[in-house]
Number of protein chains: 4
Amino acid sequence: MISKAPVQFQRRGRPRSERAQQAILGAASDLLYEQGLSAMNVALVAERAGVSKATIYRWWPSKEVLALDAFATDWETISPVQSPDTGSLRGDLHERFRIFWRLMRARPVGRVLTGLAAHAQADQEFAELYRERFLEPRRIATREIFQRALDRGEIPADADVEVALDLLYGSLLHRLFQGHAPLDDHFAHEVVELVVAALESRTSA
Amino acid sequence: MISKAPVQFQRRGRPRSERAQQAILGAASDLLYEQGLSAMNVALVAERAGVSKATIYRWWPSKEVLALDAFATDWETISPVQSPDTGSLRGDLHERFRIFWRLMRARPVGRVLTGLAAHAQADQEFAELYRERFLEPRRIATREIFQRALDRGEIPADADVEVALDLLYGSLLHRLFQGHAPLDDHFAHEVVELVVAALESRTSA
Amino acid sequence: MISKAPVQFQRRGRPRSERAQQAILGAASDLLYEQGLSAMNVALVAERAGVSKATIYRWWPSKEVLALDAFATDWETISPVQSPDTGSLRGDLHERFRIFWRLMRARPVGRVLTGLAAHAQADQEFAELYRERFLEPRRIATREIFQRALDRGEIPADADVEVALDLLYGSLLHRLFQGHAPLDDHFAHEVVELVVAALESRTSA
Amino acid sequence: MISKAPVQFQRRGRPRSERAQQAILGAASDLLYEQGLSAMNVALVAERAGVSKATIYRWWPSKEVLALDAFATDWETISPVQSPDTGSLRGDLHERFRIFWRLMRARPVGRVLTGLAAHAQADQEFAELYRERFLEPRRIATREIFQRALDRGEIPADADVEVALDLLYGSLLHRLFQGHAPLDDHFAHEVVELVVAALESRTSA
DNA sequence: CGGTAATCGAGACGGTACGTCATGTCTTACA
DNA sequence: TGTAAGACATGACGTACCGTCTCGATTACCG
């Protein structure tokens, strides 16, 4: 949950309904994938979850935060936490993005993500939350892969890992968001190959 | 203009008011940059342009299409049509993206672009228009740069130009959209360097 | 025509198109009977008449005046000018209202008339026109019938003919406007009988 | 109120704001009398009532139905429910129409009523509502007066009461709607006298 | 016979109201 | 105190019709 501090001892009054929270996130997630953020409206989430609108607004400050929570929660349940360690940068990246890619294609994630990104532009606080909840976890895991490559001396110590991350995620999300070209295995493979080639070539420089 | 075919001989009836169209696009563009797509509302555009809402809807089917038209028109007026030719792939790309970058920073373009991209996810027809009007023109110009490099033999004949384009535009737009790291000159420079290095290193492979 | 003074000698410039005027009145009349005043819109009249909106507004100051003109013109073509003279008040009235009644039922006149009456409440000038063009001609003709009855001594010299007219036309139009009861022959007959009975009974008073 | 069934036990959810409903009907009624139906617009009613447009549309399906409700409600509050019983048909009718007449003149009712009647011609469902809400209540009360006269034997058993009602209301509303002659006491008196005379004279027939 | 002028078709325009929809808040009764 | 039900304010949406306007094209007369 995003919204409230964890229960410490035992709060007074009727306890928060766990069932309701699950139902809300589930319904929100479903609607999000069906139509995207702009079509996920709170009244509909409430109806599908068998819950009142007030209950939703009690725990999430806006529909966008709810959407982010639903989306990230869903993503977390289907995505492995651990980065693979195959022994080489190339191998690790291929493995990691193979999985990432599969998840991306399993759900119409572009619709959701562009909506969240758009809202983040208009709301600083939400932007922070969005990066924390979706972007950074992915980057951290991938950063570890580069760290291992640095430790192994595969890439030069001054390699700009942050830029490499942007090349990887940026190009993938670009195709996802803009839809101008297919998101196939060949593309994912080629992106990784080119980024690795770039970093390695600069090693000798 | 998006909406009408060019004048052929002499159209019957009262001619479309050039002044009104300019004013509408101008007002829309202003509002777009001030607040972003979601805050640009048609009544306000009409008021600022000194025009009636009906006139807007006569020529643009929705506020999003108007926004796209205003944004692309604005972009076209400030953006050079020609790709530079410095004699080398590296030089051409640096030059091109230096300009692109400057334009990006001259206006709060992120808010607008994410808004348009988000809407494109919900509206197929609009997505087509969006790519045609914003995305493709940029890619075409950059593709020419790669073509010249291919002609000069700087990069291998089988180099995947489309992927290179996605690496370039994807990573730049990624930072613009997600806002997780600064959009500085160093970054723009590094992206181009890495992409060129990648393509060249694979030449020798 | 309502709108312009008659041509005196020969006006300069292109003469008014007789064909267009007929087509406009015809189209307006058709639409009026089909749907009533509120559904008769000027653009549609123009389209049906194969005429431009500007031409309509050149000759009629508003859609209501056009409607009144179309309605009254239509009514005049189907309605006999002369009042019958059967020799008795009762006979004359039955004859007159038999015809009036038949016309009323031949066309969905209620839809049109209520619209015009409603507009007359909001527009003094139009109200004047409306009475002049529709109401008074009918009353004048019926007044003649009463005058003959007075001349014959059928009804007392102090009989209030104006009230009698209101009883006759008022009750008929009431059913037409409100639609709470059928507009059958029995009703028309009974109305005339009661009014004649009332006037005659007061003779003896 | 038109819209909802009466409260049974205790309804769930936030109860309908009684204050808002009163304010809406009041504002609508005011505007109706000030300018007539066509000038009563929903946004203005909302503003005057200190209420949102959405609240109005929640309870009334169109501005016309709202207008009817406001008009009828207003009429009900100022109009006595009971028919007078003076012991004679003539007395009862004079008394009843004296009151009716006073109400009619107390407010610019013509504009409102013609507007409603005109709309009823274009909307079957509304027509039903209009008769139910405005027309029938008046006729029912007056029918009682005739019933008493029948019971007393003042008028023949086969007298057509419905036609008599149309003569009374029709002629009064005729002057109100068409405005061709004044709505004075003399007229109201004369109408009643003539109708009574007609019914009585046919008694002896 | 060419100029002048009113008229016409086409259709763009400003204005104004309509009715709909979604957000987020609030007010009840019940658990 | 939490929750379901649902009323409410706010504010934008896109549509429709009105009456005005601006063109070019047409059709008379008048000099």
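Below, chain A is the first sequence line, B the second, and so on; all start at residue 1.
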For [N], take OP1 and OP2 only and decide whether either is under 4.0 Å from a side-chain N or O of [X].
X     : N      : result
A/W60 : E/dG24 : no
C/W59 : E/dC8  : yes
C/R58 : E/dT7  : yes
B/T55 : E/dG14 : yes
A/N41 : E/dT23 : yes
A/Q21 : F/dG2  : no

Return yes if a side-chain donor-acceptor contact under 3.5 Å exists between C/E128 and C/Q124, otherwise no.
->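 Their side chains do not contain a donor-acceptor pair, so the 3.5 Å distance test is not met.
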Quickly work out the [X] [atom1] to [N] [atom2] distance and round it to whole Å.
X      : N      : atom1 : atom2 : value
C/Q22  : E/dC8  : CD    : P     : 13 Å
C/E47  : F/dC17 : CD    : P     : 12 Å
D/Y57  : F/dG11 : OH    : P     : 18 Å
B/K53  : E/dC13 : NZ    : C1'   : 15 Å
C/R16  : E/dC8  : CZ    : P     : 7 Å
C/D123 : F/dC18 : CG    : C1'   : 15 Å
A/L66  : E/dG24 : CG    : C1'   : 13 Å
B/R14  : F/dT22 : CZ    : C1'   : 5 Å

How is C/K63 classified with respect to the nucleic acid when contacts are heavy atoms under 4.0 Å: base, sugar-phosphate, or nothing?
->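 Here C/K63 touches the backbone only, sparing every base.
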What does B/A54 touch in the nucleic acid at a heavy-atom separation under 4.0 angstrom: a base, only the sugar-phosphate, or nothing?
->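 B/A54: base contact, heavy atoms under 4.0 Å.
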Report the residue (B/M40 or D/S17) whose heavy-atom-nearest nucleotide on DNA chain F is the more 5′ of the two.
->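 Taking each residue's closest nucleotide, the earlier one in sequence belongs to D/S17.
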Closest to the D/E64 side chain: E/dG19, E/dG9, F/dG19?
->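 Out of E/dG19, E/dG9, F/dG19, the nucleotide with an atom closest to D/E64's side chain is E/dG19.
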